[in-house]
Structures are given as C-alpha cells and as structure tokens.
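What follows is a set of notes on a single structure, which appears directly below.
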Amino acid sequence: MAKRTKINTLLNSPEPIDDVLVKGWVRTRRDSKTFSFIEVNDGSCLKNIQVVADGSLGNYEDVKKITTGSAVSIQGKLVASQGKGQHWELIATQVNLIHMAPEDFPLQKKRHSDKFLRSIAHLRPRTNKYGAIFRIRSELSYAIHHFFKQRDFRYIHTPIITSSDCEGAGELFRVTTMPLDNLPLKDGKPDYLNDFFGKETGLTVSGQLAVEMFALSLGDVYTFGPTFRAENSNTSRHVAEFWMVEPEMAFCDLEGNMDLGEEMIQDLCGTILQNCKEDIELFARFVDKSLMKTLEGIINSSFVRLPYLEAVDILKHSNKKFEFKIKKGMDLQSEHERYLTEEHFKKPVIIYDYPKDIKAFYMRLNDDGETVAAMDVLVPKIGEIIGGSQREERLSVLEQRIAETALSKDTYWWYLDSRRFGSVPHSGFGLGFERLLMLLTGVSNIRDVIPFPRTPNSIEF
RNA sequence: UCCCCAGUAGCUCAGUCGGCAGAGCAGAUGGCUGUUAACCAUCGGGUCCGCGGUUCAAGUCCGUGCUGGGGAGCCA
C-alpha cells in the first residue's frame, strides 16, 4: 500500500502518479448519474484535491452518502484533470470512510460569519479562511526565529511565572496554590509567606526585564512567548493571553531600536507574502481588498519617524475634529494615532521621544529632562504594533525614576544590579504577534488570529 | 468599566403601518453523462434570546436581564 501523501505535495507534482494515498476531510460532494466528485482537504494547503469516484467502485452506494465533514482515505491515480478548475485530480481506485460526520456538522459549504465560527472555535480551523490564518501563524513564528537567527540574536526563554508586578505593564493574573475558600490571612491580607513561592506571584505581562539581563551578557537577544494581561479590555485589538516578540540589544540606542523594528516588520511581511502566497491571496480577495497595496507599501517604503512634539504639532494644525483635543504632554489617543498613520502619512509611523510622565520608569531620560527615549510603531487600522525604548542605563537616574513613580527599590535589586556592573546603553521593544498577523491578513478582530482566544468572560475552549 | 448596535429555522438573512412565521443554503428522498459553494424536483425543520408590561392582537412598541459585536480607556 502506498504511503500517505499530503495534498499540497500532490498538487505540486510535476507528473502523473500511478498509485497514491490521500487522507483528509470532505468539503463537498457532487454527484452525477454514474460517478461523484469529492473535494478533499487535509489542511496541508488551501486547495482541495478533486477526487473522481466512479460508479464501478464496490462501495459506490456508500460513497454517495459521504457527507461534508467526513474523514476519508482514498487510494488512486493522480492524473491531469479533464475539468477546468484544477490541474490534477485523483481517480479513486478505493474510497474508505474513516469516519462519517452526521448531518448536524455545523460547517457548511458556504461562508459563515466570524461570530458564528468563534462560537465553534474547535472546528473553525477546518474552514478555508481559518486554515489559512493558522498556516500563516505557523509560518510567521518560524520567520521570526529565522529573522533573528540571521542576525545572530539568541533566543531566551523568559519565565512565565513572575514575582509581583515588577514589569509594570498592566494587571496581573494571580498564580497561587493557596486555598481561595480558606485564604490564610495576616493583618487582613493574604499571607503570601504561606504560598508556594513564599511571595505574591503572577503570570508574566512582559519578558523585558528578564531579557535585558541576557542582552547585558549575550549581546543581542529576544524572547517570544505567551504574555498575560488581566485588563478588562473589550476591543478588537486586545486579548488576555497573547504572544509577544521582545528583542533586546546591548550597545544600541533608540535609533538602532527603530531600525530593527522597521526592518523586522518589513522583512516579515516580505517573507510571508512570498511563503504564503496562496493563503494571503484569499485574504486579499475576501477579507481586505486593499491588503496587497498595504503590504507592498510597508515593504517598499520607509516608515515615517516623528518626534512626539512634531506629532502634536501636526495634530494641532490638522483640520480634523477630534473628540479629545490634543495637548502637549498628553498621551496620543487612538483617534490621533489613526489620523497620523491612516490619513496624514498613509503608512507606518514611528513616534518617539515621549513626555516622561506618560511612560514607564525604565525608559532612558533624554537630555532635556522632559522626554524619554521611547518609541511606538503605529500602523494603519491596528494602531500600536510595537512599543519600545532605549533603557535607562545610569544607575542614579534609574533610582531617581523609581523613586518618582513610588515603586519599591527593593523589588528591583537585581534589575538595578545590572546598572552597577558594566552597565551599557541598550534598547528593545515588544511586538504584538497577533497584531502583526492582523496586519498581514487584514483580519480586523484579534480573536480571529489566535486559536482559542481568551477575553473577559470568555474561555469556553 | 463607559457609550452605541444587534439577537427570527442547523447557517445567512427578509419580515412593510402592530394583524396567519418567510426565502436561500444545509439535511432527507428522487432525478441528472465531467462537476467546481454543481444543477432540478419534493419533503421535514421555529422557545422569533429570557422575563415583565402596553394592546382585542407583539417577531414588531416599552422596561429589564443575558449574550454577542463596534467604539473608548488600558496596551502588544
């Protein structure tokens, strides 16, 4: 018996093959009087293979009953198709039903709403669109590692469980082994001395502080893994569990940081456009008609780099009416970011040198004493896709900033240590993996680019 | 958490001024000589999101709850 061959291999075959074995799921069946066409998909590519099942097959009566969603194993000949829609087709010599899907199989051979598919997230990767999304997601993960490998970056596995909110980026999911229905208390508060780690702990909100320690030893490094934010965010751009790519570079200033962010987005867009051509075309046709133009624009022209103060100036002098009037010193609102990247420049924009009061303590204070060496990369439709900075490498300035923000110096003793021993300028950023996927596919809801999305009040799967 | 919108057959949706609950797809059955989300015919299929109210009469109007979505804030 022939070994199973995947459909993408067959469809790319340079010549007919006498005996092949295909296994997959039936997308649709079309009957004629004396034979049937069966469209089979095995997830290896977007396209199905067309199987011709002739009436002379011993079990043809059963073949005619095969439903959409059923699993089949088919042996046959790969031959040039007589029909117009495909180069190759499979003339079946044997059709075996592995498992019959009953009539209540929810996926039909037509388009479903994303809303409905979200309610059957366990089955949605069997559709064309979601199959494509998750093939691209896989390819993008690989491309990220490849990008860094080419540039001699080391991959660091930063911890998932962390002690306290020392990363300073949003609400923490608690990690504890203490019985919640009988919490050991001390002075009315949970007694974490009795907890597993003897300390208050949570899931990571960023690997940055940890990965900085490795930049200051291995040079250029990155971490790429799951990140958790217990924010009660209900938007199309937020989930409670997402993946983040965080490079960190020693001996690197803000400009080098911006260079890497820009180069990375351009490189990854180019790689996916090349390696996932067929899947991307599906999105360009059915999801976002302007996708190709957007992606080509990103790849072929450099990003705008704009100091925060100039951004404020542009917004002030625009004729656009904003809900929130722009003022120097305030953080840019969504509508401001969207105006800059979607209307004014119509391309990705990097805004840098933000007022220190609206940014984190670890960002390097500029010489003006007012701004910090922070940068955000904004892209059309999504907004912020990268947030990063040059880090404060001067111990005294860092201690001062920690004091100003009412954080505890003791918690950060090890972080501060890195500034005591061979401290050097260094920079890094966080890139939202799912947001990059949204940019690449034109998918407008982040819940649709992650296998099983976690959002407030929603964790069915 | 706040503002706005939606919820009708398994799915996508229509339902006019408050007056008998509809179509396409899917399913079942039959037909059709190569189809391309095949096509043609017939049949089965409803807690109109829940609760309360107005009315002779509510899918439709009002109140409320739930669920989902869009926007805001937070950010990746």
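All chains are named by letter (A, B, ...) in the order of the sequence lines, taking the proteins before the strands, and each is independently numbered beginning at 1. We use all heavy atoms of the structure for the numbers below, so side chains are in, but hydrogens, waters and symmetry mates are not.
- The base of B:rC75 is not paired with the side chain of A:S233 by any donor and acceptor separated by under 3.5 Å.
- Evaluated for a salt bridge (charged side-chain N to carboxylate O under 4.0 Å, His left out) with A:D448, the options A:K129, A:R118, A:R137, A:R237 yield exactly one hit, A:R118.
- Here the options are A:D42, A:T28, A:N41, the test is side-chain hydrogen bond (donor to acceptor under 3.5 Å, both in side chains), and the partner is A:N48; only A:N41 passes.
- Close to B:rG34, at under 4.0 Å from its OP1 or OP2, lies a side-chain N or O of A:S32.
- In this entry the distance linking NE2 of A:H336 with C1' of B:rG73 reads 14 Å, nearest Å.
- Among the protein residues, A:R338 comes within range of no part of the nucleic acid, since none of its heavy atoms lies under 4.0 Å from any strand.
- Closest-nucleotide positions on RNA chain B for A:D31 and A:A240 were compared, and the one nearer the 5' end corresponds to A:D31.
- Under the 30°/60° scheme for interplanar angles, the aromatic rings of A:F322 and A:H336 are found to stand perpendicular.
- For B:rU35 and B:rC40, the P atoms lie 15 Å apart once the distance is rounded to whole Å.
- At a threshold of 4.0 angstrom between heavy atoms, the contacts of A:G83 include nucleobase atoms, whether or not backbone atoms are also involved.
- Under the 6.0 Å cut-off for aromatic ring centres, A:F153 and A:F214 do not qualify, their centroids lying 6.0 Å or more apart.
- Ring geometry, A:F116 versus A:H112: the interplanar angle falls from 30° to 60°, so the pair is classed tilted.
- Between A:Y339 and A:H344, the two ring planes are tilted [angle within 30° to 60°].
- At a threshold of 4.0 angstrom between heavy atoms, the contacts of A:L107 with the nucleic acid are absent.
- The aromatic ring centroids of A:F433 and A:F224 lie less than 6.0 Å from each other.
- Using C1' as the reference atom, B:rG71 and B:rA28 are 45 Å apart when rounded to the nearest Å.
- Remark: A:R135 engages A:D279 in a salt bridge, criterion side-chain N to carboxylate O under 4.0 Å.
- A:F35 comes within 4.0 angstrom of a nucleotide base, judged by non-hydrogen atoms across all strands.
- Computed from coordinates, the A:I38 CD1 to B:rG34 C1' distance equals 14 Å when rounded to whole Å.
- In terms of phosphate contacts, A:T67 brings no side-chain nitrogen or oxygen within less than 4.0 Å of OP1 or OP2 of B:rG27.
- Comparing the same atom, P, in B:rG24 and in B:rG63 gives a spacing of 36 Å after rounding to whole Å.
- Counting any heavy atom pair closer than 4.0 Å across all strands shown, A:G432 reaches sugar-phosphate atoms only and no base atom.
- An OP1 or OP2 oxygen of B:rA37 is reached within less than 4.0 angstrom by no side-chain nitrogen or oxygen of A:R30.
- Contact annotation for A:E323: no contact, since no heavy-atom pair falls under 4.0 Å across all strands.
- Between A:Y155 and A:Y222, the ring centre distance stays below 6.0 Å.
- Going from atom NE2 of A:H87 over to atom P of B:rU36 covers 19 Å, rounded to whole Å.
- Comparing B:rG34, B:rA76, B:rG73 by their closest approach to the side chain of A:V239 singles out B:rA76.
- Distance A:I265 CD1 to B:rA76 C1': 11 Å, rounded to the nearest Å.
- Comparing B:rC75, B:rU35, B:rA72 by their closest approach to the side chain of A:E384 singles out B:rC75.
- Contact annotation: A:S334 side-chain N/O to B:rA72 OP1/OP2 distance is under 4.0 Å.
- Side chains of A:P16 and A:L78 form no contact here, defined as non-hydrogen atoms less than 4.5 Å apart.
- Counting non-hydrogen atoms under 4.0 angstrom, A:S119 reaches nothing in the nucleic acid.
- Rounded to whole Å, the separation between the C1' atoms of B:rC66 and B:rG73 comes to 24 Å.
- When the C1' atom of B:rG73 is taken as reference, atom CD of A:Q333 falls 8 Å away, rounded to whole Å.
- Heavy atoms of A:E241 sit nowhere under 4.0 angstrom from any nucleic acid atom.
- In terms of the ring pair (Phe, Tyr, Trp, His ring centres under 6.0 Å) criterion, A:F283 has no residue partners (sequence neighbours excluded).
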| said: Treating primed atoms plus P, OP1 and OP2 as sugar-phosphate and everything else as base, which nucleotides of nucleotides 5-15 of chain B get B, S or - for protein heavy atoms under 4.0 Å? | reply: -----BBS---

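- The NZ-P distance, from A:K64 to B:rA28, rounds to 13 Å in whole Å.
- Note on A:R29: every side-chain N or O is 4.0 Å or more away from OP1 and OP2 of B:rA26.
- Both A:R447 and A:D331 sit near RNA chain B, but only A:R447 has its closest nucleotide nearer the 5' end.
- Among the nucleotides B:rU35, B:rG71, B:rA72, the one closest to the side chain of A:F324 is B:rA72.
- You'll find that the side chain of A:E337 is closest to B:rC75, out of B:rU35, B:rC75, B:rU1.
- In this entry B:rA41 has B:rU29 as its Watson-Crick or G-U wobble partner, both defining distances falling under 3.5 Å.
- Close to B:rA37, at under 4.0 Å from its OP1 or OP2, lies no side-chain N or O of A:K109.
- Across every strand in view, B:rG34 sits unpaired, with no contact that passes the Watson-Crick or G-U test at under 3.5 angstrom.
- Shown here, B:rC56 forms a base pair with B:rG19; the pair counts as Watson-Crick or G-U wobble because both key distances fall under 3.5 Å.
- OP1 or OP2 of B:rA38 has at least one side-chain nitrogen or oxygen of A:T28 nearer than 4.0 Å.
- With C1' as the reference atom, B:rG44 and B:rC2 are 47 Å apart, rounded to whole Å.
- B:rA14 and B:rC25 are spaced 15 Å apart, taking the C1' atom of each and rounding to whole Å.
- Distances from the side chain of A:E39 to the nucleotides B:rA76, B:rG73, B:rU36 place B:rU36 closest.
- Taking atom CG on A:N234 and atom P on B:rC4, their separation rounds to 16 Å, with Å as the unit.
- Across every strand in view, B:rG68 sits in a pair with B:rC5 that passes the Watson-Crick or G-U test at under 3.5 angstrom.
- Contact between the side-chain N/O atoms of A:S206 and the OP1/OP2 oxygens of B:rA76 is not found at any separation under 4.0 Å.
- Shown here, B:rC74 forms no base pair; nothing in the strands shown gives a Watson-Crick or G-U wobble contact with both key distances under 3.5 Å.
- Here, B:rC39 and B:rC3 have their P atoms 47 Å apart, quoted to the whole Å.
- In this structure, the aromatic ring of A:F37 is not positioned over the six-membered ring of the base of B:rA38 within 5.5 Å between centres and 30° between planes.
- In this structure, A:I382 places its CD1 atom 12 Å from P of B:rG71, rounding to the nearest Å.
- Side-chain atoms of A:S70 come within 3.5 Å of backbone N or O of A:A101 as a donor-acceptor pair.
- Ranking B:rC75, B:rG69, B:rU33 by closeness to the A:R118 side chain, first place goes to B:rG69.
- The same atom, C1', is picked in B:rC4 and in B:rC51; the two are 24 Å apart, to the nearest Å.
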